[in-house]
Undergrad: 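Sharing a structure here in structure tokens format.
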Amino acid sequence: SPSGSGASRAARTRRGVVAAAATSAGREDDDEDVDDDELAALEALDEVDGWGDEDDDDEAMATAMAVAARAVGGDLDDDGALNELEDLEDLEEEAEDEEGVALLRELFEYGGVDVEEWLHLGEDEDIEVSGIANDSRAVLGGDVFVCCRGTTTDGHDHALDAVAAGAVAVVCDRFIEGLSEDTPQVLVADAKKALPRLAAAFYGNPSASLVTVGITGTNGKTTTTFLVRSILEANDSKCGVIGTTGYVLDDTKLTPHGGVWEPEEDDPTENRECTAPGWLAPYKGKYEVPNTTPDALQCQQLMAGMLDNGATATAMEVSSHALAQGRVECVDFDVAVFTNLTSDHLDFHGTMDAYREAKAELFRGLTDPERQRAVINLDPSPKSPSRDGDESGDESEETSESEFFIAAAGGGDRVPIVTYATHATLSDQADVFVEKAELSLFETLVSIRTPVGTFDAACGLVGEVNVTNIAAAVAVGVALEIPLDVIAAGVEAMEPVPGRMELVDEGQPFPVIVDYAHTPDALRRAIQSVRRTGAANVITVFGCGGDRDASKRAEMGRVADELSDIVFVTNDNPRTEDPYAILDDITSGFRDRVYNLEAIKDEAMFPFLKDMYLIHPNARHETMKLQNACRRYVMVDRWFAIRGAIAMATPDDAVLICGKGHEDYIVVGNKKHWFDDRAEARDALRKIVTVQESGVDTTNLPWGRVGAIAGNGNMLDA
């Protein structure tokens, strides 16, 4: 685990060197005022290379001492100064020996947490703690255990287990029965709210030592974090990323607790190219993270770990769940970014108003005009039919959330605001504006105007959907006053993000793209992005997750139906829901339109937009004929759906596989199983050519020998 005290070592050393030099200038030991000369000394020390680092040497320290002494008018040969310096070094050694250890009472004092009652700890007593835990299964000896109430569990019910595992104290908001008097209980008003303050205090508030960029919005968070990292690294910053695809620094994967991740078990699928139809492969030995934004304790641990490993910045996805649950309460953001807001997570928030308010908390926390900035997207988003409870509104109508989020950031009175846009009508209003974007299947060429000039860049991200993400990251660069040529270099250095409009290339004559789009707006943007690259037919494969916001399923079906030429509705992560019921929810978005098509309505004597497993054997031939006629297919098995879509594609088409993106698993029930859309697509591309060259017609379902009677010779599940 990262240490709490290591983060502030350089700051302590710098102040100590100045104090030693001030002693030689005649300042009294108890004189704690810092005068102008000492401030000058502090600034001068920033110019001295090598001192204050973990590998500093005597020469570097001597140089620092000389600079500080000169600034405060001290004598370099004064024995008092040299003794002070020796004492400083002794204190540093003691501090290093005690890294990661804090006194319990001091932890509450530094964290600003009010204590209602100290139980089993006398007024003149204190204990050392070596860590903080909020999960009894993760407790280590010497930890203080914080009893947090969650949606399904209560940490108070696991306090005895935590103490048995080695916790030396318990933070709670109700008395824990059964704990011995040997274990102090610290009663607070709300233990869950105390956690971020205690964690920030223990780990030295690491976000304050990093350039911290938080990005929120329904779509675009992941790609924007990677773009921000690319720009910051072009500016010689070492930037970590915290988000949906993982927690990383450089190429190193981190655990939620800030350590370097290593597999704890062998991966049985490591050498496999794909799964098999109907086969749920075990999911073991693979890297995964619990949340897009980690919990309040893990946020501090991760940032401390990044800081200890040389990071100077971090780009973090900040989800609405995290904001509503206070996970980032003590994270000190330098820049907060709003990407967009469309319908999502209503299963958690209940209403769009509550969802919007949760997002706004990120901007209400900005208060320092000297350092903090808000970055706001002015572009409108398609209006959700569920917004404000209006189920009858025009779903094609667009609305902008920018005014709301600008107001949440103080309207420009509290902190400076940088705006960005891509819509031509907003050219005069936006600080950062995309004047031109040329799209292709391999790169995006952009010309972007900023307050400090205009630049052209070629970015490795593809699709119109990424143009606004590029603009967002450029606006962050502008907010941080990074030179324009460096911002441009960062944009050009950007590589595709895993599972975000990711091209799967096996030399085929048509593009296959995997994307994470799992909301109506994201799906709309993804399909339109592919369409605008010139594809003759867009073949879309998608599904919806179970135990998640069910209100978006029909709308996603409608979006796919309206914008795609061929649609495969399939399984996503059904979790504990009936996967066939989820498919039914999706097809309800376009079922009536299809059933009333002139070419179909007279023949459709039964509901045929269903998976074959639900169709009577005597009706399967007719079902397949009707699905072929409308080019709308329903397949519960994602393995078949991906292969069916790719097999139908011609050189002028494009296949878009949406919903899972970077995910390399599928959740059935409460268990994860290995399944990666990219791996399945590659396998299909490698093998289907051979199938087609053998004389199999794959332009319709079921596959059959060229010239065979329709419905005979099915090869898809051979």
Side-chain angles (χ1 to χ4, degrees), residues 135 137-138 222 241 243-292 294 298 496-500 502-506 512 514-516 518 541-543 545-548 570-579 582 613 635-646 657-688 690-691 716-718:
D135 184 338
R137 297 163 298 182
T222 300
V241 168
T244 308
T245 61
Y247 315 143
V248 296
L249 181 65
D250 293 330
D251 295 325
T252 303
K253 299 173 181 177
L254 302 178
T255 71
H257 303 290
V260 175
W261 177 80
E262 294 181 357
E264 297 180 354
E265 55 188 348
D266 293 335
D267 179 1
T269 66
E270 185 175 7
N271 297 317
R272 292 191 62 92
E273 294 184 352
C274 67
T275 58
W279 177 58
L280 296 176
Y283 190 82
K284 297 179 179 179
K286 297 182 184 294
Y287 178 67
E288 55 182 326
V289 296
N291 300 107
T292 292
Q298 293 167 351
V497 180
R500 301 305 190 273
E502 183 177 352
L503 188 66
V504 180
D505 186 6
E506 290 292 325
V512 175
V514 172
D515 191 66
Y516 190 54
H518 61 282
V541 181
F542 81 103
D547 299 335
R548 297 295 186 269
T570 189
N571 218 355
D572 197 311
N573 296 315
R575 298 183 178 88
T576 63
E577 281 196 66
D578 179 355
I582 296 174
Y613 289 109
M635 291 185 173
V636 74
D637 196 324
R638 198 173 180 93
W639 191 96
F640 282 121
I642 290 173
R643 284 157 180 81
I646 289 175
I657 305 171
C658 286
K660 298 184 65 60
H662 67 284
E663 292 179 352
D664 59 353
Y665 60 83
I666 190 166
V667 184
V668 180
N670 292 312
K671 293 188 66 176
K672 280 186 175 180
H673 307 272
W674 178 56
F675 192 97
D676 189 327
D677 283 354
R678 297 161 296 180
E680 302 303 325
R682 288 190 189 97
D683 180 71
L685 289 167
R686 291 170 187 152
K687 295 177 179 177
I688 284 174
T690 303
V691 173
L716 181 55
D717 57 353

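Bear in mind the structure is a predicted one, so any value in this text is a computation, not a measurement. Computation of the quantities below employed the complete heavy-atom set of this structure, encompassing side-chain atoms and omitting hydrogens, waters and symmetry-equivalent molecules.
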Undergrad: When rounded to the nearest 0.5 angstrom, what is the spacing between CD1 in Ile582 and CD in Glu577?
TA: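 One finds 4.5 Å between CD1 of Ile582 and CD of Glu577.
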Undergrad: Measure the CZ-CD1 distance between Arg682 and Ile642 for me, rounded to the nearest 0.5 Å.
TA: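 Reported value, rounded in 0.5 Å steps: 11.5 Å.
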Undergrad: Can you tell me if Glu262 has over 12 outside heavy atoms packed within less than 6.0 Å of its CD?
TA: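 Check fails, neighbour count at 12 or below.
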Undergrad: Evaluate whether atom CD of Glu506 has more than 12 neighbouring non-hydrogen atoms of other residues, nucleotides or ligands under 6.0 angstrom away.
TA: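 Yes, CD of Glu506 has more than 12 neighbouring heavy atoms, counting only those of other groups under 6.0 Å.
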Undergrad: Take atom CG in Asp578; do more than 12 heavy atoms of anything else shown fall under 6.0 Å from it?
TA: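 Buried by this count: over 12 neighbours within 6.0 Å.
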Undergrad: Using a 3.5 Å distance criterion without hydrogens, assess whether the side chain of Asp267 forms a donor-acceptor pair with backbone atoms of Thr269.
TA: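 Side chain of Asp267 to backbone of Thr269, a donor-acceptor pair under 3.5 Å: yes, one is there.
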Undergrad: Would you check if His518 and Arg548 make a side-chain contact, meaning some heavy-atom pair closer than 4.5 Å?
TA: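 Sidechains of Arg548 and His518: no contact.
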Undergrad: Rounded to the nearest 0.5 Å, how far apart are OG1 of Thr275 and CZ of Arg638?
TA: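 Spacing of OG1 (Thr275) from CZ (Arg638) equals 11.0 Å.
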Undergrad: For Val512, which of Val541, Ile657, Asp677 qualifies under side chain to side chain contact (heavy atoms under 4.5 Å, CB included)?
TA: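 For Val512, the side chain to side chain contact (heavy atoms under 4.5 Å, CB included) check succeeds only for Ile657.
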Undergrad: Let me know which of Glu663, Glu273, Glu502 forms a salt bridge (Lys or Arg N to Asp or Glu O under 4.0 Å) with Arg678.
TA: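 Of all the options given, the one that passes is Glu502.
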Undergrad: Spell out, as yes or no, whether a donor-acceptor pair under 3.5 Å connects the side chain of Arg643 to the backbone of Trp639.
TA: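 Side chain of Arg643 to backbone of Trp639: a pair is present.
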Undergrad: At what distance, to the nearest 0.5 angstrom, does OH of Tyr613 lie from CE of Met635?
TA: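 Rounded to the nearest 0.5 Å, the OH-CE separation comes to 10.0 Å.
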Undergrad: Determine whether Ile666 and Tyr283 make a side-chain contact, defined as any pair of heavy atoms from C-beta on separated by less than 4.5 Å.
TA: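 When only atoms from C-beta onward are counted, Tyr283 and Ile666 do not touch, as no gap falls below 4.5 Å.
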Undergrad: Do Asn573 and Lys672 meet the criterion of a side-chain donor-acceptor pair at a distance under 3.5 Å?
TA: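 No donor-acceptor contact under 3.5 Å links the two side chains.
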Undergrad: Under 6.0 Å from the NZ atom of Lys284, do we count more than 12 heavy atoms belonging to anything else shown?
TA: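 It does not: Lys284 NZ has 12 such atoms or fewer within range.
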Undergrad: Does Arg575 reach the main-chain N or O of Val667 with its side chain, forming a donor-acceptor pair under 3.5 Å?
TA: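 No; judged by distance alone, with no hydrogens or angles, the pair does not exist.
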Undergrad: Specify whether Tyr516 and His662 have parallel, tilted or perpendicular ring planes, treating 30° as the upper limit for parallel and 60° as the lower limit for perpendicular.
TA: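 Geometry flag for His662 against Tyr516: tilted rings.
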Undergrad: Which distance, rounded to the nearest 0.5 Å, do you find between the OG1 of Thr245 and the OH of Tyr287?
TA: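 Going from OG1 on Thr245 over to OH on Tyr287, the span is 8.0 Å.
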Undergrad: What's the separation between atom NZ in Lys286 and atom OH in Tyr665, rounded to the nearest 0.5 Å?
TA: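 Going from NZ on Lys286 over to OH on Tyr665, the span is 13.0 Å.
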Undergrad: If you compare all heavy atoms of Thr244 against all heavy atoms of Val289, which two are closest, and at what distance to 0.1 Å?
TA: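 Closest pair (atom of Thr244, atom of Val289, distance): O-CG2, 4.0 Å.
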